[in-house]
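Here the structure is laid out as structure tokens; the discussion comes afterwards.
Position 1 is the first residue of the sequence, and the numbers go up from there. The model shown is predicted, which means the values in this text are computed figures rather than measured ones. In listed order, ligands and their atoms are each counted from 1.
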Amino acid sequence: MSLRPAVITGLGSYVPDRVLSNKDLEEIVDTTDEWIVSHTGIKERRIASDEQATSDLALEAGRRALEDAGIGPDDLDMIICPTITPDHVFPATANILQDRIGASNAAGFDLLSGCTGFVYGLYVARQFIATGEMQNILVVAAEKLTSITDWTDRSTCVLFGDGAGAAVVSAGDDGVEGLAAFVLESYGEYGHLLDVPAGGSRHPVDEEVLRSRDNCLHMNGPELFKLAVRGIPEVAEKTIRKAGLTNSDIDWVVMHQANLRIIEAAARRLDIPDDRVVVNLDRYGNTSAASMAIALDEIYRDGRLQSGDTLLLVGFGAGFSLGGAIVKWQ
Ligand code: UT7
């Protein structure tokens, strides 16, 4: 079966206006700007307002991506929303978005793959386009992580921020490479290292859950750090090889923005120079599924990303999940 090419035809992102600096966090928990910067590289992050839910952030990013692609909401066949912080357990945030954005012809579903979600979303979109089933798909990765943050836990609350990033994936002309290669991996045995322990069917919310804050994000940072530093270069290499490329062919690496030390260690192992590696976690912190989408939009809008460039996206996060994508930028 011959597959149709799939290309990214529009990008958009949105972060809330409110800035929470490391200095601000010193007022909330026992931490310092010096610790946060030296251990993570994060200087500040954006915080959604009480009135804003994940779909509000997704709506802004999604509209910007549609405008950039030059298509209307009615042109969409599908909306995929990678998120770990949906507006509700159900209905899907993608369905809420589908109504609010006015995509009357689109189906929609949420995709739960932690911080790797944007890569998963692009891959799923690529498959629907490749088979000829669909023409235009909006992938909107959006998170209000501050809604599941335990503001008494200094080991996690300094890390996360809110935001959304979106890509329109469309059918490309024959011979165009576009979304060229993907590798996805799951390691469920490490799922307990990053989770929200309660609030699902295993352990519904009760008074004890609220007291222990088990309805908030829990993380074993040091263990995840080790998995990430080993796993990212491995999945990156596999993705590069699958596309028939070598590391020196990569113009831009957009990694999940969790920790500058992880990004730098992975780039060193891949032997990719620092100036080819995109970093924006100093301003936004870790925005989970949204982080790669926001970073990609940033290098597109500021002109760093040029037609013909080869991008490597690498995600890692809850699951434990890993994912790589090679994108030939048109
Ligand atoms: O996005 C999804 C995937 N997530 C990740 O990839 C996260 C990966 N992990 C990490 O990025 C790092 O492990 C962290 C940034 C979370 C933590 O950095 P670390 O260098 O691994 O620190 P640690 O957890 O080993 O803690 C070192 C010390 C501890 O004190 P003691 O026991 O040595 O006295 C912590 O209590 O730092 C202390 N600490 C803090 N001190 C000041 C932990 N958090 C803070 C804090 N401020 N915010």
Side-chain angles (χ1 to χ4, degrees), residues 20-45 82-85 112-120 141-146 148-163 165 185-196 213 216-236 254-267 269 278-282 284-295 313-324:
L20 187 73
S21 70
N22 292 349
K23 280 277 168 213
D24 297 330
L25 279 164
E26 289 180 4
E27 308 292 318
I28 300 173
V29 284
D30 180 17
T31 191
T32 59
D33 175 52
E34 193 278 328
W35 190 96
I36 302 171
V37 172
S38 62
H39 283 74
T40 71
I42 299 166
K43 294 178 181 157
E44 60 186 40
R45 68 288 294 142
T83 184
I84 58 166
T85 50
L112 195 136
S113 190
C115 309
T116 319
F118 185 59
V119 173
Y120 270 74
E143 303 282 13
K144 186 180 180 183
L145 288 171
T146 54
I148 55 167
T149 299
D150 178 354
W151 293 104
T152 67
D153 176 10
R154 69 175 182 173
S155 71
T156 55
C157 76
V158 303
L159 304 174
F160 300 104
D162 302 328
E185 295 181 356
S186 290
Y187 300 91
E189 64 271 32
Y190 299 121
H192 60 285
L193 296 178
L194 175 53
D195 64 359
V196 175
R213 298 195 171 81
C216 295
L217 182 151
H218 289 228
M219 185 171 85
N220 181 333
E223 287 303 315
L224 279 173
F225 191 99
K226 284 186 241 164
L227 285 177
V229 167
R230 198 176 60 230
I232 297 164
E234 283 175 8
V235 80
V254 178
M255 265 182 244
H256 169 48
Q257 306 283 302
N259 188 317
L260 186 58
R261 289 154 57 212
I262 296 176
I263 293 175
E264 288 178 345
R269 280 212 198 173
V278 181
V279 174
N280 68 1
L281 58 71
D282 50 324
Y284 304 130
N286 180 345
T287 56
S288 190
S291 89
M292 285 180 283
I294 294 171
L313 307 184
V314 189
F316 60 98
F320 182 73
S321 62
L322 284 163

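- Residue contacts with ligand 1: I36 is excluded, as none of its non-hydrogen atoms falls under 4.0 Å.
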From CA spacing to verdict: side chain to side chain contact (heavy atoms under 4.5 Å, CB included), T40, L281: CA-CA 9 Å; T40 71; L281 58 71; 5.7 Å; no

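- In this structure, atom 33 (O) of ligand 1 has its sub-4.0 angstrom surroundings free of protein heavy atoms.
- For ligand 1, the polar-atom distance check finds no N/O of L224 at less than 3.5 Å from any of the ligand's N/O atoms.
- The two residues A289 and G114 come nearest to each other via the heavy atoms CB-O, 3.5 Å.
- For the ligand labelled ligand 1, residue C115 lies inside the 4.0 Å heavy-atom shell.
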Step-by-step side chain to side chain contact (heavy atoms under 4.5 Å, CB included) determination, L224 to F320: CA-CA 9 Å; L224 279 173; F320 182 73; 3.7 Å; yes

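- Of the polar atoms of R154, at least one N or O is found under 3.5 Å from an N or O of ligand 1, judged by distance alone.
- In summary, the atoms of ligand 1 found under 4.0 Å from a heavy atom of R261, numbered by their order in the structure, are 18 (O), 20 (O).
- Closest to atom 25 (O) of ligand 1, if we only count protein heavy atoms, is P222 CG, 3.6 Å.
- Of all atoms in ligand 1, numbered sequentially from 1 with element shown, those under 4.0 Å from a heavy atom of T40 are 15 (C).
- Using modelled atom types, one side-chain atom of N259 and one backbone atom of H39 make a donor-acceptor pair closer than 3.5 Å.
- Inside a 4.0 Å radius of atom 29 (C) of ligand 1 there is not any protein heavy atom.
- Using a 4.0 Å cut-off between heavy atoms, I262 contacts ligand 1 through its side chain alone, with no backbone atom that close.
- Rounding to the nearest 0.5 Å places CG of L112 at 10.5 Å from OH of Y120.
- Shortest contact from atom 10 (C) of ligand 1 to any protein heavy atom: N259 ND2, 3.6 Å.
- From the protein, the heavy atom lying nearest to atom 8 (C) of ligand 1 is G221 O, 3.6 Å.
- Below 30°, between 30° and 60°, or above 60°: for Y187 and Y190 the angle between ring planes is between 30° and 60°, a tilted geometry.
- With salt bridges taken as basic N to acidic carboxylate O contacts below 4.0 Å, one links E26 and K23.
- Using modelled atom types, no side-chain atom of R213 and backbone atom of H218 make a donor-acceptor pair closer than 3.5 Å.
- Put simply, the side chain of Q257 gets close to the backbone of V278: a donor and an acceptor are under 3.5 Å apart.
- At distances below 3.5 Å, at least one donor-acceptor pair connects side-chain atoms of T32 with backbone N or O atoms of W35.
- For ligand 1, the atoms closer than 4.0 angstrom to any heavy atom of V158 are 48 (N).
- Of the possible donor and acceptor atoms, none in the side chain of E44 sits under 3.5 Å from a partner among the backbone N and O of I42.
- Only the side chain of N286 comes within 4.0 Å of ligand 1, counting heavy atoms alone; its backbone N, CA, C and O stay farther away.
- For the side chain to side chain donor-acceptor pair (under 3.5 Å) criterion with E143, the lone passing option out of T85, T287, N286 is T85.
- Ligand 1 places these atoms under 4.0 Å from at least one heavy atom of A258: 1 (O), 6 (O).
- Side chain of D30 to backbone of R154: no donor-acceptor contact under 3.5 angstrom is found.
- Remark: minimum distance from atom 47 (N) of ligand 1 to any protein heavy atom is reached at T31 OG1, 2.7 Å.
- Within 4.0 Å of atom 36 (O) of ligand 1, at least one protein heavy atom is present.
- Among E34, H256, H39, M219, the residue whose heavy atom sits closest to atom 19 (P) of ligand 1 is H39.
- Nearest protein heavy-atom neighbour of atom 6 (O) of ligand 1: F316 CE1, 3.3 Å.
- Taking only nitrogen or oxygen atoms, main chain and side chain alike, T32 does not reach within less than 3.5 Å of ligand 1.
- By the criterion of a heavy-atom distance under 4.0 Å, both the backbone and the side chain of F225 are placed next to ligand 1.
- Atom 27 (C) of ligand 1 has W35 CZ2, 4.4 Å as its closest protein atom, hydrogens excluded (heavy atom only).
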